[in-house]
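A short write-up of the structure that comes next.
Scope of the values below: all heavy atoms of this structure, side chains included, with no hydrogens, waters or symmetry mates. Reminder, nothing fancy here: chain letters follow the sequence lines and each chain counts from 1.
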Number of protein chains: 4
Amino acid sequence: MADTAKRADPPVRKRADARRNEQALLDAAATVFVASGVQAPVREIAAQAGVGMGTIYRHFPTRADLIIAVYRHQVQACVEAGPALLAAAETPHAALTQWIDRFVDFLVTKHGLAATLRADQQGFDTLIHYFLDRLVPVCAQLLQAAVDAGQISDDVDARELMRAIGNLSVGIEGDPDYDARRMAALLVAGLRVST
Amino acid sequence: MADTAKRADPPVRKRADARRNEQALLDAAATVFVASGVQAPVREIAAQAGVGMGTIYRHFPTRADLIIAVYRHQVQACVEAGPALLAAAETPHAALTQWIDRFVDFLVTKHGLAATLRADQQGFDTLIHYFLDRLVPVCAQLLQAAVDAGQISDDVDARELMRAIGNLSVGIEGDPDYDARRMAALLVAGLRVST
Amino acid sequence: MADTAKRADPPVRKRADARRNEQALLDAAATVFVASGVQAPVREIAAQAGVGMGTIYRHFPTRADLIIAVYRHQVQACVEAGPALLAAAETPHAALTQWIDRFVDFLVTKHGLAATLRADQQGFDTLIHYFLDRLVPVCAQLLQAAVDAGQISDDVDARELMRAIGNLSVGIEGDPDYDARRMAALLVAGLRVST
Amino acid sequence: MADTAKRADPPVRKRADARRNEQALLDAAATVFVASGVQAPVREIAAQAGVGMGTIYRHFPTRADLIIAVYRHQVQACVEAGPALLAAAETPHAALTQWIDRFVDFLVTKHGLAATLRADQQGFDTLIHYFLDRLVPVCAQLLQAAVDAGQISDDVDARELMRAIGNLSVGIEGDPDYDARRMAALLVAGLRVST
DNA sequence: TATGAATGAGTGTTCATTCAT
DNA sequence: GATGAATGAACACTCATTCAT
């Protein structure tokens with residue numbers, strides 16, 4: 001048994017450490033992203049986490065990997081909210097509106113994250129695709145439902161809409177008079193077919 | 001008149017090369033901004049213009065000065081288009097739509113410029129204000145006309161709208177399926193009061 | 001005791017190379033200071049030490065930090081020599097003379113260091129204060145002893161004297177016929193009350 | 001006559017302009033040297049004089065040439081004061097003291113000039129030699145008179161003394177508690193043979 | 001001859017990334 | 001594995017000096 005323990009424990013122990021580090025990094029990154037944006041220096045994140053910089057590179061080889069990991073849960077929640085809202089809301093368009101609202105909420109509370117949905121940053125393609133790959137299908141489902149209900153025209157692409165919403169949610173902190181949620185709502189309202 | 005021209009020219013003459021350089025810089029900057037964004041290294045712009053770096057600093061002490069100079073004419077044209085469209089269009093809302101369309105056109109053809117309308121860049125306040133100070137009043141005039149015509153509700157701030165449009169026009173190049181003009185049109189459509 | 005040593009060493013071990021680098025930097029800086037003055041380019045010092053520039057900034061964030069580190073030991077030795085000389089010399093004035101001599105010795109062998117005691121360089125206040133804060137009290141003690149012994153008048157300020165000696169020790173290399181020690185001795189001689 | 005005028009006048013006219021410029025430059029340099037030291041940017045001096053930078057280079061190819069020209073008159077006055085003081089003062093040593101006092105006065109009122117008497121600045125050899133070549137003989141004369149009068153020992157070199165005084169006069173502005181005149185007087189006092 | 005625009009080497013400083021310990 | 005020291009490319013900015021006008 002001692003033998004078994006010896007063989008089994010160390011890897012587990014290591015993994016325990018590693019996991020602790022990974023979690024520390026995620027927490028630290030979340031904090032730093034809020035304070036300094038997702039482009040914050042690697043050092044800053046490492047320092048906040050209390051680990052070496054090498055540890056970041058081990059767990060998250062690219063910055064995109066780290067950002068994805070930081071927001072994975074919230075993205076997932078957003079994904080899951082789609083069908084739920086569709087089931088609960090009075091109309092598909094109302095569900096869409098609420099879901100977009102939720103998405104904007106998510107973006108604006110994560111300083112700088114929305115900026116990563118922009119395409120002109122080199123190296124962020126991975127990141128953009130990760131988010132869009134997960135959220136676009138949900139959005140598409142909501143859109144389709146609204147189309148089927150005759151509430152909106154069928155000529156809007158889910159991906160394009162997500163990009164637009166992402167853009168609208170950019171750079172909030174500097175301007176307290178800019179309400180991304182409101183702007184997004186206007187855009188969604190613009191989707192309606194005149195009846 | 002020829003005489004007058006002759007007398008007026010000399011003071012300007014001295015800068016024949018200087019003006020050539022200034023224009024070369026503006027052209028170079030416009031090109032580089034498209035290729036690498038408005039944050040492109042000073043050296044790159046200087047190289048593209050075929051001048052030394054010091055020359056940039058002489059003509060445009062800060063980056064904002066250069067960006068403003070690059071887009072000054074186009075901004076002015078945009079400003080002047082407002083009243084013209086208002087006079088020509090069938091309804092105020094149509095004028096607004098067309099003007100926004102023109103604004104987006106301007107932004108999306110100038111890679112990276114739209115990004116400067118974001119607030120989270122330090123040191124770009126001057127720039128943002130320059131653009132907004134000129135365009136917001138025009139937008140406000142168009143909005144008010146539409147409000148007066150009962151076409152849209154009166155609860156939209158011109159500055160907020162400009163910011164939204166600016167955001168929608170960000171990061172186009174990476175995604176050929178994203179049509180900023182369309183998205184902007186949707187947002188403007190969303191302004192309409194249901195009749 | 002071997003055990004204690006073993007336990008004490010490890011925390012220091014990790015920095016085996018760092019310490020080597022730090023020492024290399026101190027040596028290199030001392031050399032370069034002699035050749036090019038304390039204002040020598042950071043790159044030159046890094047090259048002389050065979051390290052990257054970042055390494056200098058890691059170890060010595062400001063230039064003053066580096067200069068202080070380079071001369072710390074010698075300043076300390078000078079500080080400690082004061083009381084020793086006072087105890088050993090025949091008279092307080094003799095002790096003062098010898099101590100000043102030692103100080104000049106220190107300064108003239110460190111090219112450019114004396115120049116840092118000048119006040120007209122911006123950003124060197126820290127440095128000047130570091131040196132003066134340590135040496136002025138010693139000088140004051142020696143002065144007071146001489147005053148008490150009736151050898152010199154009591155109207156000389158230690159800080160002022162240090163500044164004067166520092167100035168006298170400046171810019172030696174260019175003129176082999178200039179003997180700072182001699183000049184300093186004359187000044188100290190001038191302190192004597194005529195008897 | 002018209003011919004003569006044509007040939008003779010233009011060069012004279014030109015010289016009048018050139019002289020005006022030269023004087024303007026000297027005035028400007030004197031002003032700027034006080035404000036920013038003798039190492040002030042060429043541009044600053046040109047701007048103060050209201051001329052182009054090329055004009056400075058035409059009149060004063062090197063910085064040393066400009067500095068020399070700026071202080072030529074005062075140096076000359078200092079030179080002439082030597083014999084005068086020797087004739088007027090009670091003793092040669094008193095004359096020496098007064099002359100040194102005058103020299104220090106000259107230096108400390110010219111910000112940064114004293115620093116140029118230091119040898120560790122590259123390219124200032126010309127400057128140093130210009131000043132010393134003129135002042136050392138005067139100092140030597142005063143020293144010799146004092147030696148002849150038995151007031152001071154004969155082992156002090158005039159050039160060395162001038163260098164020492166120059167050094168003592170360096171970097172005054174930053175320290176209101178440093179009195180260069182006093183320090184110089186102490187040094188001169190130290191020259192006296194004990195009687 | 002005067003001007004001042006242009007040049008570009010020089011310098012400080014930051015920070016992503018690697019790798020010896 | 002984890003650490004964080006080291007690297008060095010990248011960049012902004014200054015200013016002495018040259019030279020076209």
Side-chain angles (χ1 to χ4, degrees), chain A residues 10-11 13-15 17-18 20-21 25 39-47 49-59 61-63 123, chain B residues 10 13-22 24-25 39-44 46-47 49-59 61-63 123, chain C residues 10 13-22 24-25 39-47 49-59 61-63 123, chain D residues 10-11 13-15 17-18 20-21 39-47 49-59 61-63 123:
Chain A
R13 279 275 290 280
K14 287 274 180 186
R15 202 174 281 166
D17 284 13
R20 210 183 335 273
N21 272 137
L25 273 170
Q39 292 284 18
V42 179
R43 267 181 179 69
E44 202 177 323
I45 300 166
V51 304
M53 290 170 308
T55 306
I56 290 191
Y57 282 93
R58 167 169 300 275
H59 288 284
T62 74
R63 188 178 289 268
Chain B
R13 266 276 288 292
K14 203 46 189 287
R15 277 171 185 158
D17 59 328
R19 269 219 248 168
R20 208 182 340 270
N21 271 130
E22 183 159 331
L25 274 170
Q39 292 285 19
V42 177
R43 268 181 179 72
E44 197 177 328
V51 303
M53 293 171 311
T55 305
I56 292 192
Y57 285 96
R58 166 175 294 275
H59 289 284
T62 74
R63 188 178 291 269
Chain C
R13 266 278 287 293
K14 200 50 186 287
R15 278 172 186 160
D17 60 329
R19 270 221 247 167
R20 207 181 345 268
N21 270 131
E22 184 160 331
L25 273 171
Q39 292 285 19
V42 178
R43 272 179 177 73
E44 196 177 331
I45 299 166
V51 303
M53 292 172 311
T55 307
I56 291 192
Y57 284 95
R58 166 174 293 274
H59 289 283
T62 74
R63 190 177 288 270
Chain D
R13 280 275 291 281
K14 288 276 179 187
R15 202 172 282 163
D17 282 13
R20 209 182 340 269
N21 272 138
Q39 294 284 18
V42 178
R43 265 180 182 68
E44 202 176 324
I45 299 166
V51 304
M53 291 171 308
T55 306
I56 292 192
Y57 282 94
R58 168 170 300 274
H59 288 285
T62 73
R63 189 179 288 270

Margin query: To check you understand the geometry: which heavy-atom pair defines the closest contact between B:H59 and B:E22, and what is its length?
Written below: ND1-OE1, 3.2 Å
Next item on the list: Measure across C:E44 and C:A40 and return the closest heavy-atom pair with its distance rounded to 0.1 Å.
Entry: OE1-CB, 4.2 Å
Whole-Å distance separating the [atom1] atom of [X] from the [atom2] atom of [N]:
{"X": "C:E22", "N": "F:dG4", "atom1": "CD", "atom2": "P", "value": "17 Å"}
{"X": "A:R58", "N": "E:dC19", "atom1": "CZ", "atom2": "P", "value": "14 Å"}
{"X": "B:R20", "N": "E:dT7", "atom1": "CZ", "atom2": "P", "value": "12 Å"}
{"X": "C:I45", "N": "F:dA6", "atom1": "CD1", "atom2": "C1'", "value": "17 Å"}
{"X": "B:E44", "N": "E:dG8", "atom1": "CD", "atom2": "P", "value": "18 Å"}
{"X": "D:Y57", "N": "F:dT18", "atom1": "OH", "atom2": "P", "value": "7 Å"}
{"X": "D:I56", "N": "F:dC15", "atom1": "CD1", "atom2": "C1'", "value": "13 Å"}

Margin query: I'd like to check the side-chain contact (heavy atoms from CB on, under 4.5 Å) partners of D:R43; sequence neighbours left out, ordered by chain and number.
Written below: B:R58, D:M53
Check: In chain order, what residues pass the side-chain contact (heavy atoms from CB on, under 4.5 Å) check against C:V51, with sequence neighbours excluded?
Finding: C:N21, C:L25, C:A46, C:A49, C:T55
Check: When you measure from the side chain of C:D17, which nucleotide among E:dA6, E:dG12, F:dA6 comes out closest?
Finding: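 Of E:dA6, E:dG12, F:dA6, F:dA6 is nearest to the side chain of C:D17.
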Margin query: OP1 or OP2 of F:dA6 versus the side-chain N and O atoms of C:H59: is any pair under 4.0 Å?
Written below: yes
Note to self: For a quick test of reading the model: is some side-chain N or O of D:N21 closer than 4.0 Å to OP1 or OP2 of E:dA2?
What the structure shows: yes
Notebook entry, point to check: Taking a pair as Watson-Crick (N1 to N3 plus N6-O4 or O6-N4) or G-U wobble (N1-O2 and O6-N3), both under 3.5 Å, which stems of 3 or more consecutive pairs involve DNA chain F?
Noted result: E:2-21 with F:2-21
Can you name the atoms? Protein N/O to nucleotides 8-11 of chain F N/O, anything below 3.5 Å, with the distance.
| from | atom 1 | to | atom 2 | distance (Å) |
| --- | --- | --- | --- | --- |
| F:dA10 | N6 | C:R43 | NH2 | 3.3 |

